[in-house]
Amino acid sequence: MKETLHQKRNYSLSPEEQSFWNENGYLVRHDVFTEKENDILRKIADDIVEGKHPFPTDNINQNALVRDGKIEASGIHAMHKIHHVSFYCPEFLARVRDPRLTDPIVDLLGPNLLSQGNLYIWKAPKIGLGFPWHQDKWYFNWQYKTEMTVGTWTAIDAADQDNGCLYVIPGSHKLGILEHEDLEGPQQNEFKIARDAKDEDGVAVEVPPGGVVWFNNQLLHKSTDNHSNRFRRCNVIHYISGNAERVPKKQVSNIRPVMWVRGETYSEKMEPVYRDVLPIPETES
């Protein structure tokens, strides 16, 4: 693992990309991952849903409409997301540590990186729900003292306006953290909404399969419902600096573990830090 301290970086940001990032708060690259590479993650995620791959049931969430009995669906068509996937699946952990994702982040956060979370999201045809305007750092502020965190959003399927792609408000990462309020509707327990964000300021970020969006976690972003007959699946990973300091535990009720990615860590500030996949709890295997 120490080899990553000074490893050669083949996927660093170009000066033009760095400038675009500074101004807009996000960046897109196409053809980062191949169809074959994405199919590995797709199959594992599907196997988790079908019970073929052991996984904690608490980390599996259905589509809110299915969960609340408003529509009927089964299998992956009933799914919303699985989270902390990289803690239990080595293939997902390898993706978290892939230099094609992390090399650009070294330019943004420095050489010491930790992963704060990993989501695999389904947006099923016709019933897949979007999520409202928000800033991811609003959710993270209560846990870590950081100046900036970085998210990556990898398209497993093509993401476009018809099937519920991302929308961003360019430059909104400079606004600071806005107030987030309760959301009405079936997802009220899953999301909050930044009500000061305006739809007319949003820009659609359409991404082909294998494309990646990097975004400052202070960037206002959302997605829309899936109105198409196609899935819109994605793999989301959040990164923080290994120098980040955890909010004192006595102030945090639900400690989320972090995963080592590259470089050095400061374990006296970041406990617990995991380097390998975790065992599946026996009661949920």
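Computed from a predicted structure; not experimentally measured.
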- Item | Residues D31 and R100 bridged, charged N to O under 4.0 Å | no
- Note on the structure: d(K126 NZ, N163 CG) to nearest 0.5 Å is 11.0 Å
- Side-chain touch V236/K81, heavy atoms, less than 4.5 angstrom: no
- Query: Does the distance from a Lys or Arg side-chain N to an Asp or Glu carboxylate O, for D157 and R42, drop under 4.0 Å?
  - Reply: yes
- Query: Should Y11 and L101 count as side-chain neighbours, where that means a heavy-atom distance under 4.5 Å?
  - Reply: no
- Item | Minimum heavy-atom distance S86-V277, with the two atoms named | O-CG1, 3.8 Å
- Task: With rounding to the nearest 0.5 Å, note down the distance linking CZ in R97 to CZ in R275.
- Result: 8.0 Å
- Item | Charged N-O contact under 4.0 Å between K198 and E200 | no
- Would D103 and R262 count as a side-chain contact (heavy atoms from CB on, under 4.5 Å) if you check the C-alpha gap in whole Å, the side-chain angles of each, and the deciding distance to 0.1 Å? CA-CA 10 Å; D103 275 3; R262 61 193 288 172; 2.9 Å; yes
- Report yes or no: does N226 contribute a side-chain atom to a donor-acceptor pair with the main-chain N or O of A124 at less than 3.5 Å? yes
- Query: Any side-chain heavy-atom pair from Q161 and Y167 closer than 4.5 angstrom?
  - Reply: yes
- Task: Give a yes or no on whether the backbone of S241 and the side-chain of N112 come within a donor-acceptor separation of less than 3.5 Å.
- Result: no
- Between P170 and N24, what is the shortest heavy-atom contact and its length? CB-OD1, 3.5 Å
- Query: Should M259 and Y239 count as side-chain neighbours, where that means a heavy-atom distance under 4.5 Å?
  - Reply: no
- Message: So does G130 get a backbone contact from the side chain of D225, meaning a donor-acceptor N/O pair under 3.5 Å?
- Response: yes
- Message: Determine whether M148 and L109 satisfy the following criterion, side-chain contact (heavy atoms from CB on, under 4.5 Å), listing intermediate values before the conclusion.
- Response: CA-CA 8 Å; M148 179 175 70; L109 296 180; 3.7 Å; yes
- Scan for salt bridge (Lys or Arg N to Asp or Glu O under 4.0 Å) pairs involving residues 17-28, sequence neighbours excluded, and state none if there are none. E17-R29, E23-K174
- How many angstroms lie between atom OH of Y88 and atom CG of N118, to the nearest 0.5 angstrom? 12.0 Å
- CD1 on I237 to OG1 on T154, rounded to 0.5 Å: 6.0 Å
- Are the side chains of L129 and L65 in touch, meaning some heavy atoms are under 4.5 Å apart? yes
- Message: Could you go through R95 and I40, starting from their C-alpha distance and side-chain angles, then the distance that decides it, and tell me whether this counts as side-chain contact (heavy atoms from CB on, under 4.5 Å)?
- Response: CA-CA 10 Å; R95 177 65 66 94; I40 293 173; over 6 Å; no
- Item | Sub-4.5 Å side-chain heavy-atom contact between V66 and M79 | no
- Query: Is the shortest heavy-atom distance from the side chain of W214 to the side chain of L13 under 4.5 Å?
  - Reply: no
- Message: With a 6.0 Å cut-off on the ring centroids, do F87 and F92 count as close?
- Response: no
- Query: What's the shortest heavy-atom distance between I156 and P209, and which atoms?
  - Reply: O-CB, 3.8 Å
- Query: So, the side chain of H173 versus the backbone of N22: is there a donor-acceptor pair under 3.5 Å, distance only?
  - Reply: yes
- Can you measure from CG (D47) to CD1 (I76) and round to the nearest 0.5 angstrom? 10.5 Å
- Side-chain heavy-atom pair Q135, I169 within 4.5 angstrom cut-off: no
- Query: Between L114 and V261, which heavy-atom pair has the shortest distance, and what is it?
  - Reply: C-CG2, 3.7 Å
- Item | Positive for side chain to side chain contact (heavy atoms under 4.5 Å, CB included) with V150, one of Y26, W21, F215 | W21
- Message: For the CG atom of L113 and the OG1 atom of T149, what is their distance to the nearest 0.5 Å?
- Response: 12.0 Å
- Is a salt bridge present between D39 and K43, judged by a nitrogen-to-oxygen distance below 4.0 Å? no
- Task: Of all the heavy-atom pairs spanning H77 and I127, show the shortest one and how long it is.
- Result: O-CD1, 3.3 Å
- Message: Quick one, W122 with D46, criterion side-chain contact (heavy atoms from CB on, under 4.5 Å). Give me CA distance, side-chain angles, the key distance, then yes/no.
- Response: CA-CA 10 Å; W122 289 265; D46 289 353; 3.5 Å; yes
- Where D136 and H134 come nearest, the two heavy atoms and their spacing: OD1-NE2, 2.9 Å
